[in-house]
Undergrad: 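Before I ask anything, here is the structure I am working with.
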Amino acid sequence: MYPDEFDYERPETVDEALDLLTEYPEAEVLAGGHSLLPTMKSGLASPDLLVDISRIDEMRGIDHADGTVSIGGLTNYATIDESEVVRENVTVFAEAAHAVGDVQVRNRGTVGGNLAHADPASDLPAAALAADATMVVRGPDGERRVDADDFFFGMYATDVAEDELLTHVEFPARPAATGAYAKKPSPSSGYAMVGVAVSLTVDAGIVEDVGVAANGIMDHGVRLDPVEEALRGTTPDDELVRRAAESAADELDEMMMMDDLQASAAFRAQLLESYAERALREAGDGTGVIAGSA
Ligand SMILES: Cc1cc2nc3c(=O)[nH]c(=O)nc-3n(C[C@H](O)[C@H](O)[C@H](O)COP(=O)(O)OP(=O)(O)OC[C@H]3O[C@@H](n4cnc5c(N)ncnc54)[C@H](O)[C@@H]3O)c2cc1C
């Protein structure tokens, strides 16, 4: 299908883009276009104006300074996947970027578009949660910083207003952490039926810090607190990892789990446990404390 007619603007700075979004409340932001254009072609969205932010250089690239890794909202997945800085300091995020779609999608789709769009089956939200990301959001009243835990509200709903942009995502640099993202892709779309992200820091055999979160199971990415609690401060062995993974759905409301033609809620809950175990073991491999394989 063809989309309805729309006007088009291509600002070169964040301020210019924000002025347009303030002036035209019905406008939509166009970044990589890999989620927006399909919704326009199918008639689900018909904005009067597209504000194409893809030429805003201040929103692109990766910086590492003062213990923080900052990724511009327009940075594509391939750049993140190939970045030594991200791989060494925010391993789980590089792993999740690697799992997105195919080469074409990874070259075009952006981290800001993925997180702001918040498709429940996207790969990056769980990794942002597991790595304790901070979202940097700019609007007409200036800049706000939002913890990943407070950013995702529901299906396609985040703490970015229509007149705001997600300009950067910041992460604490954790060179000692290992990370993994285990994904069960949908056979038809390749999106996550379930995906579990783990960031794990082990010191002298003891789990000092652990972040575990999932995509695909609820209407937005969720942190798996019981799994984190079961592991923090322990020296995990095979059995403890298995029990931790089994607790993955303990605090999730079964009635609210995703349930569609791709997979029932009950099947997703099963997938959640086994992919939590898989991600924990993959992350643990690099620490030498978690033995065995799922
Ligand atoms: C064939 C195919 C396969 C895919 N497979 C996967 C997959 O396996 N895993 C996965 O995670 N994703 C997948 N995707 C989605 C892809 O990752 C998209 O790129 C992503 O969801 C949106 O990013 P974008 O840059 O394309 O955003 P766009 O499509 O340009 O925008 C999406 C929405 O976010 C808003 N937006 C964009 N950037 C910003 C910003 N900086 N600040 C505020 N709002 C913003 C836009 O207004 C729009 O509403 C796939 C897409 C396709 C076409």
Side-chain angles (χ1 to χ4, degrees), residues 3 6 8-11 13-14 17-18 20-21 24-42 44-60 71-81 93 95-128 135-139 143-144 146 151-152 155-169 181 183-195 197 214-216 220-221 262:
F6 54 86
Y8 175 85
E9 295 279 354
R10 196 167 64 199
T13 66
V14 170
L18 294 177
L20 285 164
L21 293 176
Y24 301 98
E26 302 301 318
E28 274 280 353
V29 171
L30 175 69
H34 267 32
S35 291
L36 181 59
L37 295 186
T39 57
M40 289 172 64
K41 285 183 174 181
S42 61
L44 289 170
S46 51
D48 297 339
L49 170 70
L50 283 189
V51 177
D52 179 352
I53 60 172
S54 64
R55 300 283 172 91
I56 300 181
D57 288 340
E58 62 194 290
M59 280 179 62
R60 199 186 317 281
I71 302 180
L74 282 173
T75 310
N76 65 30
Y77 311 114
T79 304
I80 294 166
D81 182 19
F93 205 66
E95 291 293 328
H98 182 74
V100 173
D102 53 24
V103 173
Q104 199 179 358
V105 178
R106 289 197 291 278
N107 278 318
R108 185 78 204 168
T110 67
V111 59
N114 193 297
L115 295 170
H117 187 59
D119 189 314
S122 280
D123 291 303
L124 297 194
M135 312 294 173
V136 183
V137 178
R138 243 167 87 183
E143 193 171 278
R144 301 186 294 121
V146 186
F151 184 77
F152 303 104
M155 198 175 283
Y156 307 113
T158 64
D159 190 9
V160 185
E162 279 163 8
D163 57 356
E164 292 182 315
L165 288 174
L166 175 58
T167 61
H168 291 83
V169 188
Y181 181 65
K183 167 180 178 178
K184 170 71 179 166
S186 151
S188 57
S189 71
Y191 278 81
M193 266 154 73
V194 163
N215 302 310
H220 62 288
Q262 304 267 356

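Given the structure is predicted, the values throughout are model-derived calculations rather than measurements. In listed order, ligands and their atoms are each counted from 1.
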Undergrad: Heavy-atom contacts under 4.0 Å between Arg138 and ligand 1: side chain, backbone, both, or neither?
TA: neither

Undergrad: Based purely on interatomic distance, does Ala99 place a nitrogen or oxygen under 3.5 Å from a nitrogen or oxygen of ligand 1?
TA: no

Undergrad: Quick one: nearest non-hydrogen protein atom to atom 42 (N) of ligand 1, plus distance?
TA: Leu166 N, 2.9 Å

Undergrad: Can a non-hydrogen atom of Val100 be found less than 4.0 Å from any atom of ligand 1?
TA: yes

Undergrad: Would you mind checking which non-hydrogen protein atom is closest to atom 52 (C) of ligand 1, with the distance to 0.1 Å?
TA: Val105 CG2, 3.8 Å

Undergrad: Could you tell me whether ligand 1 has any atom less than 4.0 Å away from a heavy atom of Gly73?
TA: no

Undergrad: Can you list the atoms of ligand 1 that are under 4.0 Å from a heavy atom of Met59?
TA: 41 (N)

Undergrad: If you have a sec, work out which protein heavy atom is nearest atom 53 (C) of ligand 1 and how many Å separate them, to one decimal?
TA: His34 O, 3.5 Å

Undergrad: Just distances here: any N/O of Gly32 and N/O of ligand 1 closer than 3.5 Å?
TA: yes

Undergrad: Any nitrogen or oxygen of Tyr77 lying under 3.5 Å from a nitrogen or oxygen in ligand 1? Just yes or no.
TA: yes

Undergrad: Please check whether Leu30 reaches ligand 1 - meaning an N/O of the residue sits under 3.5 Å from an N/O of the ligand, judged on distance alone.
TA: no

Undergrad: Ignoring angles and geometry beyond distance, decide whether Ile53 reaches within less than 3.5 Å of ligand 1 through its nitrogen or oxygen atoms.
TA: no

Undergrad: Would you mind checking which non-hydrogen protein atom is closest to atom 31 (O) of ligand 1, with the distance to 0.1 Å?
TA: Leu36 CB, 3.9 Å

Undergrad: Nearest to atom 7 (C) of ligand 1 by heavy atom, Gly101, Ser35, Ala97: which?
TA: Gly101

Undergrad: What closest approach, in Å, do Met135 and Ala128 show between heavy atoms, and which atom pair accounts for it?
TA: CE-CB, 4.0 Å

Undergrad: Whether the side chain of Ser122 engages the backbone of Leu124 through a donor-acceptor N/O pair (distance < 3.5 Å, no angle test) should be reported.
TA: no

Undergrad: What's the shortest heavy-atom distance between Asp163 and Leu18, and which atoms?
TA: O-CD2, 3.6 Å

Undergrad: List the atom of Pro120, the atom of Met155, and the distance in Å for their closest heavy-atom pair.
TA: CG-CG, 3.7 Å

Undergrad: Output yes when the distance from some N or O of ligand 1 to some N or O of Ala31 is under 3.5 Å, and no in every other case.
TA: yes

Undergrad: Could you tell me whether some N/O pair between Gly190 and ligand 1 is separated by less than 3.5 angstrom?
TA: yes

Undergrad: Check for a donor-acceptor pair, side chain of Arg108 on one end and backbone N or O of Gly32 on the other, with a separation under 3.5 Å.
TA: yes

Undergrad: Quick check against the 3.5 Å criterion: does Glu58 have a side-chain atom that pairs as donor or acceptor with the backbone of Val14?
TA: yes

Undergrad: What residue and atom, counting heavy atoms only, is the protein's closest point to atom 12 (N) of ligand 1, and at what distance?
TA: Tyr191 CE2, 3.6 Å

Undergrad: Can an N or O of Arg108 be found at a distance shorter than 3.5 Å from an N or O of ligand 1?
TA: no

Undergrad: For a quick check under 3.5 Å, do Asp123 and Tyr77 share a side-chain donor-acceptor pair by atom type?
TA: no

Undergrad: Locate the shortest heavy-atom distance separating Leu165 from Met59; write the atom from each residue and the value.
TA: CD1-SD, 4.2 Å

Undergrad: At what distance, to the nearest 0.5 angstrom, does CD of Glu28 lie from CG of Leu21?
TA: 9.5 Å

Undergrad: Shortest non-hydrogen contact from Ala192 to Tyr181?
TA: CB-OH, 3.9 Å

Undergrad: How far is atom 49 (O) of ligand 1 from its nearest protein heavy atom, and which residue and atom is that?
TA: Glu28 OE1, 3.0 Å

Undergrad: Is there a polar contact, in the sense of an N or O pair closer than 3.5 Å, between Pro38 and ligand 1?
TA: no

Undergrad: Is it the case that the side chain of Arg106 and the backbone of Val100 share a donor-acceptor pair, with hydrogens and angles ignored and the cut-off at 3.5 Å?
TA: yes

Undergrad: Which ligand 1 atoms are under 4.0 Å away from a heavy-atom of Ala116?
TA: 43 (C), 44 (N), 45 (C)

Undergrad: So, does Arg144 use its side chain to make a donor-acceptor pair with the main chain of Asp159 at under 3.5 Å?
TA: yes

Undergrad: Looking only at N/O atoms, are Glu164 and ligand 1 under 3.5 Å apart anywhere?
TA: no

Undergrad: Just jot down the ligand 1 atoms closer than 4.0 angstrom to any heavy atom of Thr110, in number order.
TA: 23 (O), 24 (P), 25 (O)

Undergrad: How far is atom 35 (C) of ligand 1 from its nearest protein heavy atom, and which residue and atom is that?
TA: Val29 O, 4.2 Å

Undergrad: Quick one: does any side-chain atom of Asn76 pair with a main-chain N or O of Asn107 as donor and acceptor, under 3.5 Å?
TA: yes

Undergrad: Within the side chain of His34, is there an N or O that forms a donor-acceptor pair under 3.5 Å with the backbone of Asn114?
TA: no

Undergrad: Only one of Ile53, Val136, Leu74 passes side-chain contact (heavy atoms from CB on, under 4.5 Å) with Thr167; say which it is.
TA: Val136

Undergrad: Among protein heavy atoms, which sits nearest to atom 33 (C) of ligand 1, and what does the distance come to when rounded to 0.1 Å?
TA: His117 ND1, 3.6 Å

